[in-house]
Structure formats: structure tokens, C-alpha cells
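Working notes, beginning with the structure itself.
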Amino acid sequence: MVGGNWKCNGNLAFAKSFPAEVLNTLKFDPKKVDVVVAPTALHLSTVQANTKNNVHVATQNLSLTGDGAFTGEFSVGMIRDMGVTHTLTGHSERRSLFGETDQDVAVKTKIAIENGMNVMVCIGEQLEERETGKTDEVNARQLQAVADELSEGQWGNVVVAYEPVWAIGTGKVATPQVAQETHAEIREWLAANVSKEAAATVRILYGGSVSDANAAELIAMEDIDGFLVGGASLKPAFH
Ligand code: PGA
């Protein structure tokens with residue numbers, strides 16, 4: 001799977017031109033690779049209308065609430081009504097800038113899955129946590145919150161996006177070895193705490209300064225099953 005996360009970027013013209021110029025020209029086998037693009041909620045329907053079927057459009061977030069008096073939110077029912085099948089949850093910017101807790105992320109993940117969606121759950125450590133040897137502990141804590149909400153079977157609709165926070169938007173990509181080691185730990189955690197089947201089938205994406213310059217050596221790693229791309233997903237290099 002390759003996901004593009006536009007974050008809070010883009011405008012109406014871009015939401016029309018990027019599908020036409022980049023997304024619709026991608027050459028890939030949809031039986032082998034899922035390509036997912038997550039524009040802002042404002043631009044989602046424009047991107048949807050201009051993108052061919054084999055690229056999935058995703059939300060970057062969803063509400064903990066249902067429909068009702070929740071100003072500024074959008075519910076999973078609305079997302080589904082728009083024909084959207086994929087979403088991110090737990091992006092580090094949601095966690096660190098908008099106060100989402102492990103529990104919020106886990107409940108959002110559950111709400112999305114119970115409503116038939118596929119979820120890219122983002123996890124990952126801060127620089128200080130990496131430097132003090134806490135990476136595996138942080139990933140395990142974030143995953144455990146999700147595991148507490150989901151049944152084993154629901155992991156079939158989960159993709160884990162491992163995004164070390166120090167690598168996001170910094171140009172400091174994790175080396176293939178560092179990323180591989182951490183992905184292998186995540187897979188072991190899934191085997192020990194969810195099931196062997198989940199460990200074998202859940203895709204683990206790497207995210208954090210992925211670009212056309214480093215994607216090939218990262219994807220060569222055994223436990224890296226794809227990418228979640230931020231900055232480079234807004235450029236023709238998303239190809
Ligand atoms: P980046 O962002 O590729 O710009 O580092 C990745 C992400 O936040 O998903």
C-alpha cells in the first residue's frame with residue numbers, strides 16, 4: 001500500500017489538477033498495490049470526482065461522535081455516505097497538536113472498522129523516546145490501546161503506519177535498517193498480542209520523509225509493506 005497524506009495542504013485548483021496530472025497517470029496493478037490518497041475533508045469530493053476508481057480516497061481523521069450537535073466534526077456515517085472506504089487515524093500531528101490520546105485513536109479506529117472502513121493507524125515515537133531506547137515501548141503502548149478495542153478479526157481491516165515523529169517532514173528518513181528493525185518488532189508484537197495471522201497479514205507501512213530518492217531501498221526490507229507519504233505526495237514524484 002502507498003498512501004499520500006496531504007495534511008492541511010492544497011486548494012480547489014490542486015484538487016482538480018493533481019488527479020488529472022499525477023494520480024490518473026499512475027501505473028500499478030490494483031490487485032497487488034493499494035494506492036490511497038488523503039486530501040483535506042474540504043477537497044475530498046473534488047479529488048474523488050477527478051480520480052479514477054483504482055486510487056482510493058481517504059479521510060485523514062474522523063469524529064468520535066455520531067451525527068448531531070458537534071460543531072466542526074464529521075461523522076463516520078457521513079464519510080461512508082460519501083463512498084469513502086479508507087481513513088487514517090492517530091497521525092502524530094493529531095496526537096501532538098490536537099491532543100488525541102491513545103484511547104481516542106483506538107476508539108476512532110474501532111468506529112471506522114465497525115462501519116466497514118479500512119484504517120491506516122499511525123504510530124511512532126518522538127526523537128527523545130528513540131534516543132532513550134523507548135521506541136518499542138511507545139509503539140506497543142499505542143498498539144495495545146487499539147488491540148483493547150478491536151476483536152482479532154477486525155485486524156483484517158487495519159494497516160499499521162509506523163511513522164517515527166523525528167522523521168516526519170524533517171528530511172531525516174530512518175535508515176532502511178532502523179525502519180526494518182522497528183517493523184520487525186511491530187510484527188512480533190502483533191504475533192504475541194493479537195495473533196500469528198495478524199502478524200502475517202497486517203501491512204506495516206513506513207512513513208517519515210519518504211521520497212522517490214529513498215523509497216526503493218526501504219521497500220526492499222522484508223517487513224516494510226509500503227509507505228505513508230506526506231510532503232512528497234503533493235509532488236509529481238508521488239509517481
Ligand atoms: P512526510 O510526512 O512524508 O512529509 O515526512 C509523512 C506523514 O506525516 O505521514
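FYI, side chains are in, hydrogens and waters are out, and symmetry mates aren't considered; it's all heavy atoms of this structure. Atoms within a ligand are numbered from 1 in the order they appear, just like the ligands themselves.
Checking Thr59, Thr109, Asp104, Asn61 one by one against Thr89, the side-chain hydrogen bond (donor to acceptor under 3.5 Å, both in side chains) holds for a single residue, Thr109. Looking at Arg130, Arg187, Glu125, Gln177 one by one, the single match for side-chain hydrogen bond (donor to acceptor under 3.5 Å, both in side chains) with Thr182 turns out to be Arg130.
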Enumerate, atom names and distances included, each donor-acceptor pair closer than 3.5 Å involving a side-chain atom of residues 1-8, sequence neighbours excluded.
residue, atom, partner, partner atom, Å
Asn5, OD1, Lys7, N, 3.0
Lys7, NZ, Glu93, OE2, 2.9

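Residues satisfying the side chain to side chain contact (heavy atoms under 4.5 Å, CB included) criterion with Phe70, sequence neighbours excluded, are Thr65, Glu73.
For Gly208, no nitrogen or oxygen atom sits less than 3.5 Å from a nitrogen or oxygen atom of ligand 1, counting backbone and side chain alike. When only interatomic distances are considered, the shortest N/O to N/O separation between Ser209 and ligand 1 falls below 3.5 Å. When only interatomic distances are considered, the shortest N/O to N/O separation between Ile168 and ligand 1 does not fall below 3.5 Å. Checked against a 3.5 angstrom limit, the closest N/O atoms of Glu93 and ligand 1 fall outside it. For Gly169, a nitrogen or oxygen atom sits less than 3.5 Å from a nitrogen or oxygen atom of ligand 1, counting backbone and side chain alike.
Looking only at heavy atoms of the protein, atom 3 (O) of ligand 1 is closest to Gly230 N, 2.8 Å. The nearest protein atom to atom 7 (C) of ligand 1, hydrogens excluded, is given as Glu163 OE2, 3.1 Å; this is a heavy-atom distance.
Of the heavy atoms in Asn5, only side-chain atoms (C-beta onward) come closer than 4.0 Å to ligand 1. Residue Ala167 touches ligand 1 through its backbone alone, judged by heavy-atom distances below 4.0 Å.
Side-chain polar atoms of His43 and Thr46 form no donor-acceptor pair below 3.5 angstrom. With no hydrogens or angles considered, no side-chain donor-acceptor pair links His56 and Thr51 at under 3.5 Å.
Heavy-atom neighbours of Gln144 CD from other residues, nucleotides or ligands within 6.0 Å: above the threshold of 12.
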> How far apart are the C-alpha atoms of Glu100 and Arg94, what are their side-chain angles, what is the distance that settles it, and do they pass the salt bridge (Lys or Arg N to Asp or Glu O under 4.0 Å) test?
Replying inline: CA-CA 6 Å; Glu100 287 195 15; Arg94 301 287 331 152; 3.0 Å; yes
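Which parts of ligand 1 touch His91 is read off a 4.0 Å heavy-atom cut-off, strictly below it: atoms 7 (C), 8 (O), 9 (O). Residue Gly231 approaches ligand 1 through these ligand atoms, each under 4.0 Å from one of its heavy atoms: 1 (P), 3 (O), 4 (O). Each of the following atoms of ligand 1 lies closer than 4.0 Å to a heavy atom of Leu228: 9 (O).
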